[in-house]
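Presented below is the structure to which this report refers.
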Amino acid sequence: MPELPEVETIRRQLEKQIVGQRINSVDVFFSGRINFSAKKFREHLRDKKIISVSRRAKLLLINLSDGFTLVIHLKMSGQLLLVGSDRLPDKHTHLVFNLSGDYRLFFTDVRKFGFVRIFKTSELEQKVFHPAQFGVEPQSADFTLNHLTDCLLRHSRSAIKPLLLSQKCVVGVGNIYSDETLWRARIRPSRLAGQLKPDEIKRLYSAIKQILTKSIELGGTSVDQYRDTTGARGGYARLLKVYGRTGLSCRRCQHPIKKIRLGGRGTHWCPGCQR
DNA sequence: CACTTGACCTGTCCGC
DNA sequence: TGCGGACAGGTCAAGT
């Protein structure tokens, strides 16, 4: 489900709402996606205080007192919902964090791809970030036109869309925003990375920065089940140009939007103006 | 090594 | 109405 704007939206809400609170207890209804037994997981978190909430790529990091961090990935269908004490967990609620305020934090995930893991904060780089190949953050100073150009060259035989999805060049772009950024940059998703011309790379670079920034502003994109911590939908859906618009006319050239399969993923694009 | 495909899991939608 | 298959916002491991 969530790509960078959705995860960042959730991070900002959690930062406002749960920092400073204490985890009184945790209820574990499904232990298949945590890195301890239910018992140890509960014991680990009991009475920990929430110090800060950060994000790396699509991972949420809830930093706790005593040097521990909760590492959360929502994958396709995970949700973090802040609810009052009246709300009951449903069948897909796997974890409930009972906080010192009047809040409880529900981790729900229909498809069970997501996870919630505990690590020592000092071991994050080594155990969480190091093994995976994380590209640069799109909003950081490291994400430059030169960086993107070099990275496309290093993976020149990959089609551009699967390369964006791989997170190797820049993190946070998933299936929706890869289609949207390529539309804005007027690049056909199946073009090989090594064949993009400098002005096309420049357009792609700008599109990534602008679209992600705009989407964060609007609270992300809800196509189907993405929700923020209050259960609200994201506002970027109304700005989508190709994703989910199969057969509708292109907002730039009126040509019907086409949907194909590329790298195993549904891919929306306009044959009229994406070359 | 670079790149592609299938698996993970549950729900929904579409065609027959 | 039922049933099978394809597909869904993300990563990984395994395959070529």
Look at all strands and tell whether A:G114 reaches a base, only sugar-phosphate, or nothing, counting heavy atoms closer than 4.0 Å. nothing

Are the aromatic ring centres of A:Y243 and A:Y177 under 6.0 angstrom apart? no

Correct closest heavy-atom pair for A:R117 and A:N35 would be CA-OD1, 3.5 Å

Take atom CG of A:L192 and atom C1' of B:dC3, then tell me their distance rounded to the nearest Å. 11 Å

Nearest-nucleotide pick for A:V223, side chain only, options being C:dG9, C:dC7, B:dC3: C:dG9

At under 4.0 Å between heavy atoms, what does A:R261 touch on the DNA or RNA strands: base, sugar-phosphate, or nothing? sugar-phosphate

Distance, P atom - from B:dC14 to C:dG9, rounded to whole angstrom: 16 Å

ILVMFWY cluster, A:I18 and A:F106 together (side-chain gap under 4.5 Å): no

Using the C1' atom as the reference point in each nucleotide, state the distance between B:dG11 and C:dC12 in Å, no decimals. 23 Å

For atom CD1 of A:I176 and atom P of C:dG9, their distance in whole Å: 7 Å

Nearest listed nucleotide, side chain of A:Q225, among C:dG9, C:dT11, B:dA2: C:dG9

Please list each protein N or O that sits under 3.5 Å from an N or O in nucleotides 7-9 of chain B, with the distance.
{"residue": "B:dC9", "atom": "O4'", "partner": "A:R111", "partner atom": "O", "Å": "3.2"}
{"residue": "B:dC9", "atom": "O2", "partner": "A:R111", "partner atom": "NE", "Å": "3.0"}
{"residue": "B:dC9", "atom": "N3", "partner": "A:R111", "partner atom": "NH2", "Å": "3.4"}

Would you indicate what A:S178 reaches in the nucleic acid, counting non-hydrogen atoms under 4.0 angstrom: base, sugar-phosphate, or nothing? nothing

Is there a donor-acceptor contact under 3.5 Å from the side chain of A:S77 to the main chain of A:R111? yes

Could you measure between the two P atoms, the one in C:dC3 and the one in B:dC9, and give it in whole Å? 24 Å

Could you walk me through whether A:D90 and A:T93 pass the side-chain hydrogen bond (donor to acceptor under 3.5 Å, both in side chains) check? CA-CA 5 Å; A:D90 68 14; A:T93 305; 3.0 Å; yes

Around atom NZ of A:K202, are there more than 12 heavy atoms from other residues, nucleotides or ligands closer than 6.0 Å? no

In whole angstroms, the gap separating P of C:dT11 from CG of A:L59 amounts to 8 Å

Looking for any heavy atom pair under 4.0 Å, which part of the strands does A:G264 touch: base, sugar-phosphate only, or nothing? nothing

Dot-bracket pairing map - DNA chain C, Watson-Crick plus G-U, both contacts under 3.5 Å, | cross-strand: .|||||||.|||||||

A:N146 versus A:T144, side-chain donor and acceptor atoms under 3.5 Å: no

Contact class for A:Y177 (heavy atom, under 4.0 Å): base, sugar-phosphate, or nothing? nothing

Out of C:dG9, B:dT4, B:dT10, whichever nucleotide has its closest atom nearest the side chain of A:H92: B:dT10

For A:K258, does the NZ atom sit with more than 12 other heavy atoms under 6.0 Å from it, leaving out its own atoms? no

On a whole-Å scale, what distance lies between the P atoms belonging to B:dG6 and C:dA6? 12 Å

Within a radius of less than 6.0 Å around CG of A:D102, do more than 12 heavy atoms belonging to other residues, nucleotides or ligands occur? no

Indicate whether any N or O donor in one side chain lies under 3.5 Å from an N or O acceptor in the other, for A:N63 and A:T121. no

